[in-house]
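Working notes, beginning with the structure itself.
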Amino acid sequence: MARVLICDAVAEDALEAIRKGGHEVVEKTGMTPEELLETAPEFDALVVRSATKVRKPVLEVAARGNLKLIVRGGVGLDNIDLDDAAALGIAVQNTPAASSVAVAELALAHMLACSRFLGPANCTMKKGEWNKKAYGKGKELWNSTLGLIGYGRISQEVAKRAKAFDMNVLFYDPFIDDAEGAQKVDLDTLCRRSDFISLHIPHNKDTHYLLDTPQFNMMKDGVVIVNCARGGTVNEAALLEAMKSGKVFGAGVDVYEQEPAKGNALAEYERTVATPHIGAGSSAASKRVGAEVARKINEFFQ
Ligand SMILES: NC(=O)c1ccc[n+]([C@@H]2O[C@H](COP(=O)([O-])OP(=O)(O)OC[C@H]3O[C@@H](n4cnc5c(N)ncnc54)[C@H](O)[C@@H]3O)[C@@H](O)[C@H]2O)c1
């Protein structure tokens with residue numbers, strides 16, 4: 001029997017499935033880093049989403065205790081010091097596919113919202129205003145070109161749905177050779193030809209500020225940018241500047257350089273449709289993530 005510490009909330013069904021696997025489950029969400037440091041060594045496994053950061057000091061102390069496995073419910077592993085975990089013999093697993101559709105749908109929602117001013121139109125209606133003229137010159141997705149940066153799980157789900165809008169799909173991904181129905185191009189070509197650009201890449205040293213002023217300068221006037229991937233892949237200040245100059249029509253942003261993004265100038269700008277990192281946040285995706293977390297724990301300790 002393993003002792004499993006749930007550090008960030010996961011679906012109740014998942015906790016039940018872990019208990020059914022014969023393991024003890026302790027829920028302690030919202031711990032401070034100090035509390036985590038103190039608590040983690042007593043457990044064989046930690047379950048985290050994105051809120052809990054599992055850094056080297058925690059890993060070192062926990063490895064001297066019982067910790068053998070960390071399961072990240074979700075995709076990005078940037079909240080865990082992976083090299084330190086590997087060096088200390090602690091396995092790290094995630095649930096990569098469980099939330100792909102939810103993120104893809106949010107990316108499409110951002111494209112539509114930016115194109116038709118859904119954010120400001122809704123806000124001003126609630127203030128009793130009727131700004132039909134101000135929001136009457138939107139864009140259509142139909143027959144436009146969508147440039148996808150990264151062509152992994154989420155991006156391919158976006159591409160499938162973009163086809164239903166009759167969009168032409170380009171992608172830039174040095175690690176994917178071919179794709180049915182989407183044309184591989186280099187980043188400059190993608191920037192020059194796209195009407196909508198959506199990012200679906202991890203954030204690392206190679207992708208830091210992949211979209212910056214030189215890339216915005218290459219783009220068509222009136223392009224829409226969507227980032228439901230990771231903060232830091234787009235230079236927020238450069239994107240804001242490109243919107244203010246009229247180069248970029250609007251931006252749909254779910255992820256930020258600093259989170260929580262309070263007082264963030266990009267998020268507050270009127271042509272940005274901003275959401276607070278909710279890409280994976282559908283009930284169905286939470287259930288799939290939870291089921292996958294439970295399966296990984298039960299298999300690991302079998
Ligand atoms: N907003 C959210 O709530 C949310 C939820 C889940 C995932 N995400 C993020 O979405 C991103 C994509 O997730 P995924 O499941 O599709 O991942 P994935 O690994 O399936 O796809 C990522 C793709 O990026 C490509 N890539 C890597 N480096 C690149 C580079 N330098 N240039 C171009 N392409 C590059 C890879 O080849 C891969 O095909 C991740 O950053 C993930 O953290 C966000």
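None of the values given here were measured: they were computed from a predicted structure. Both backbone and side-chain heavy atoms feed into the values below; hydrogens, waters and symmetry mates do not. Remember, it's 1-based here, ligands and their atoms both numbered in the order they're listed.
- Nearest protein heavy-atom neighbour of atom 30 (C) of ligand 1: T207 CG2, 3.7 Å.
- You'll find the side chain of L199 reaches within 4.5 Å of the side chain of L211, heavy atoms only.
- Surrounding NZ of K163 are more than 12 heavy atoms belonging to other residues, nucleotides or ligands, all under 6.0 Å away.
- By heavy-atom distance, the residue among C228, P276, S100, A97 lying nearest atom 44 (C) of ligand 1 is C228.
- For atom 33 (C) of ligand 1, the closest non-hydrogen atom of the protein is P174 CD, 3.3 Å.
- Any N or O atom pair closer than 3.5 Å counts here, and D254 shares at least one such pair with ligand 1.
- With ring centers used as reference points, H23 lies under 6.0 Å from F301.
- For atom 36 (C) of ligand 1, the nearest non-hydrogen atom of the protein is D173 OD2, 3.4 Å.
- For atom 40 (C) of ligand 1, the closest non-hydrogen atom on the protein side is I201 O, 3.7 Å.
- Listed by number with element, the atoms of ligand 1 under 4.0 Å from a non-hydrogen atom of P202 are 24 (O), 27 (C), 41 (O).
- For the pair L15 and E27, the minimum side-chain heavy-atom distance is below 4.5 Å.
- Against a heavy-atom cut-off of under 4.0 Å, A280 is close to the following atoms of ligand 1: 3 (O).
- Ring geometry for H203 against H208 counts as tilted: the plane angle lies between 30° and 60°, on a 0 to 90° scale.
- Considering only non-hydrogen protein atoms, atom 42 (C) of ligand 1 sits nearest to V75 CG1, 4.0 Å.
- For atom 22 (C) of ligand 1, the nearest non-hydrogen atom of the protein is H200 O, 3.5 Å.
- At under 3.5 Å, a nitrogen or oxygen of I154, whether backbone or side chain, sits near a nitrogen or oxygen of ligand 1.
- In this structure, D78 and S50 have side chains that are not in contact, with every pair of non-hydrogen atoms separated by 4.5 Å or more.
- When heavy-atom distances to ligand 1 are checked against a 4.0 Å cut-off, V103 comes that close only through its side chain, counted from C-beta outward.
- Ligand 1 has no N or O atom lying under 3.5 Å from any N or O atom of D206, backbone or side chain.
- Taking any N or O of I278, backbone or side chain, none lies under 3.5 Å from an N or O belonging to ligand 1.
- F165 has its side chain within reach of L108: a pair of non-hydrogen atoms, C-beta onward, lies under 4.5 Å apart.
- With a heavy-atom cut-off of 4.0 Å, Y151 touches ligand 1 through its backbone alone.
- Here the protein heavy atom with the shortest distance to atom 9 (C) of ligand 1 is A229 O, 3.4 Å.
- Atoms of ligand 1 lying under 4.0 Å from at least one heavy atom of H277, given by number and element, are 1 (N), 2 (C), 3 (O).
- Protein heavy atom in closest approach to atom 17 (O) of ligand 1: R153 NH2, 3.5 Å.
- Checking side-chain atoms of T29 against main-chain N and O of C7 turns up no donor-acceptor pair under 3.5 Å.
- The two residues V75 and R153 have their closest heavy-atom pair at CG1-NH2, 4.1 Å.
- Using a 4.0 Å cut-off between heavy atoms, R230 contacts ligand 1 through its side chain alone, with no backbone atom that close.
- The aromatic ring centres of F249 and F196 sit 6.0 Å or more apart.
- Using 4.0 Å as the threshold, G74 has no heavy atom nearer than that to any atom of ligand 1.
- Remark: K160 NZ to S155 OG distance equals 12.0 Å, nearest 0.5 Å.
- Comparing heavy-atom distances from atom 21 (O) of ligand 1 across G152, G76, G279, A107 singles out G152 as nearest.
- Counting only heavy atoms from C-beta outward, the side chains of Q183 and R193 approach each other to under 4.5 Å.
- Using modelled atom types, one side-chain atom of T207 and one backbone atom of P202 make a donor-acceptor pair closer than 3.5 Å.
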